[in-house]
Structure formats: structure tokens, C-alpha cells
Amino acid sequence: VETGHRKGDVFVSLDGIDMVTTSTLSYVVTEDGIRAIDRIKFPTLKNTIDSLQKEITRTSALLRTNAQPNLANRKKSNKQFDNLITHLETLKAKKEKVKDSATKWLVNKKQLNTIILANDKIVAGGKGLIAVFDAETGKDIHEFKIEGTALGLAVSDGCLLATTEN
């Protein structure tokens with residue numbers, strides 16, 4: 001096996017806790033759940049998402065600056081503050097819309113921290129549970145209650161194995 005230097009051909013980086021991929025989809029565990037992301041669409045949208053995030057950060061800093069208006073300019077400052085809040089909300093909505101355009105499905109389930117792909121099923125574990133979803137649709141197939149938090153998952157000979165902190 002030959003190893004070498006990074007060639008700069010990284011496909012894309014995604015924010016999340018854990019991830020498993022196929023040639024067309026990345027299944028990413030986030031604080032809010034699991035997002036199935038189209039690997040073909042997402043790279044073209046990543047620059048837009050990053051630009052929107054920079055503008056969100058800049059606008060948030062301006063909001064902090066304008067949050068303490070001096071009394072002489074209170075009316076003017078309140079108008080600027082309201083405009084910044086509206087702008088910030090618009091930016092966040094645009095960012096979510098762009099992210100959603102590359103999202104095939106989204107499952108809202110908090111406290112997950114590990115994920116695997118087993119044939120056509122997504123298996124995710126977290127605090128007190130292991131959940132199984134259809135990889136194509138995100139449809140909830142089954143949920144197992146467990147003691148503790150699932151830290152790792154594996155499938156072998158048709159059996160699901162999980163490690164926990166217990």
C-alpha cells in the first residue's frame with residue numbers, strides 16, 4: 001500500500017458529530033438529529049453557506065455593538081437594531097434554505113452521537129436509545145431503549161452490536 005501527501009481532492013467537509021457515507025449521500029449526525037445530504041449538490045452550495053455564515057457572524061457582532069445605544073441616539077439606535085435583527089433572521093433563513101436544498105431527508109432526534117449504515121438501514125445511537133431508519137427515506141423503522149449512551153455501533157452476522165459507557 002502506497003501512501004502519499006494530501007492532493008487537495010477533499011470532497012467536502014460537513015459539520016456534525018458523526019457521519020457515514022455512500023457514493024451519493026452523507027448521513028450526518030448533528031445536535032438536532034440526522035441529515036441525509038446529497039454529496040453531488042452540497043459542494044456547489046458550500047461556498048454560499050460559508051458566505052452566509054460569515055455575514056451572520058458579522059451581523060451578530062454589529063448587533064452586540066448596537067445593543068447598548070446611548071440615550072441621545074436611542075430612537076436611531078433602536079431602528080438600526082431592528083434592521084439588524086431583521087437582516088440576521090433573513091440570513092439564517094437563507095442559510096437553512098440552501099442547506100435544505102441539498103438535504104434529501106432530515107430526522108429530528110436529539111442526543112444521538114454515533115451512526116452506521118447496514119445494508120439499506122441507518123442505525124444511530126445515543127443517550128438511552130438506538131434507532132433504525134430507512135436509508136432512502138429517513139422513515140423511522142424501530143427504536144430500542146438501552147441503558148446508558150451508545151458510543152459505538154457495528155453489525156456482524158446479522159446482529160447489531162453496541163458499546164455503551166455502562
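Computed from a predicted structure; not experimentally measured.
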### Pair E89 + K92: basic N to acidic O under 4.0 Å
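Looking at E89 and K92, the cut-off is not met.
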
- prompt: Are D50 and K46 within salt-bridge range, i.e. N to O under 4.0 Å?
  reply: yes

Look at the side chain of [X] and the backbone N and O of [Y], then say whether any donor-acceptor pair between them is shorter than 3.5 Å.
| X | Y | value |
| --- | --- | --- |
| T59 | I56 | no |
| D18 | I115 | yes |
| T163 | G152 | yes |
| T103 | W105 | no |

If we only count heavy atoms from C-beta on, is the [X] to [Y] side-chain gap below 4.5 Å?
| X | Y | result |
| --- | --- | --- |
| D100 | R35 | yes |
| L153 | L161 | no |
| V28 | I37 | yes |
| I49 | Q53 | no |
| M19 | V29 | no |
| K94 | T90 | yes |
| L106 | I34 | no |
| L112 | I17 | no |

Atom pair [atom1] ([X]) and [atom2] ([Y]), whose distance is rounded to the nearest 0.5 Å:
| X | Y | atom1 | atom2 | answer |
| --- | --- | --- | --- | --- |
| T30 | K110 | OG1 | NZ | 8.0 Å |
| L88 | S60 | CG | OG | 4.5 Å |
| E31 | N113 | CD | CG | 11.5 Å |
| R58 | L91 | CZ | CG | 8.5 Å |
| D82 | L84 | CG | CG | 9.0 Å |
| L129 | K109 | CG | NZ | 6.0 Å |

For the hydrophobic clusters of this structure (ILVMFWY residues joined by side-chain heavy atoms under 4.5 Å, transitively), does one cluster hold both [X] and [Y]?
| X | Y | value |
| --- | --- | --- |
| I85 | L52 | yes |
| I116 | F144 | yes |
| V123 | Y27 | no |

Indicate the atoms forming the closest heavy-atom contact of [X] with [Y], along with that distance.
| X | Y | answer |
| --- | --- | --- |
| S101 | L45 | OG-CD1, 3.2 Å |
| G138 | V107 | O-CG2, 3.4 Å |
| A102 | K41 | CB-CB, 4.1 Å |
| I130 | A150 | CG1-CB, 4.3 Å |

Checking D134, V132, V20, I141 against I122 for side chain to side chain contact (heavy atoms under 4.5 Å, CB included), the one that qualifies is V20

Within 6.0 Å of [atom1] in [X], more than 12 heavy atoms from elsewhere:
| X | atom1 | answer |
| --- | --- | --- |
| E143 | CD | yes |
| E147 | CD | no |
| N119 | CG | no |
| K104 | NZ | yes |

task: Please report the C-alpha distance between T164 and I146 in whole Å, then the side-chain angles of each, then the deciding distance to 0.1 Å, and finally whether the side chain to side chain contact (heavy atoms under 4.5 Å, CB included) criterion is met.
output: CA-CA 9 Å; T164 68; I146 63 169; 4.2 Å; yes

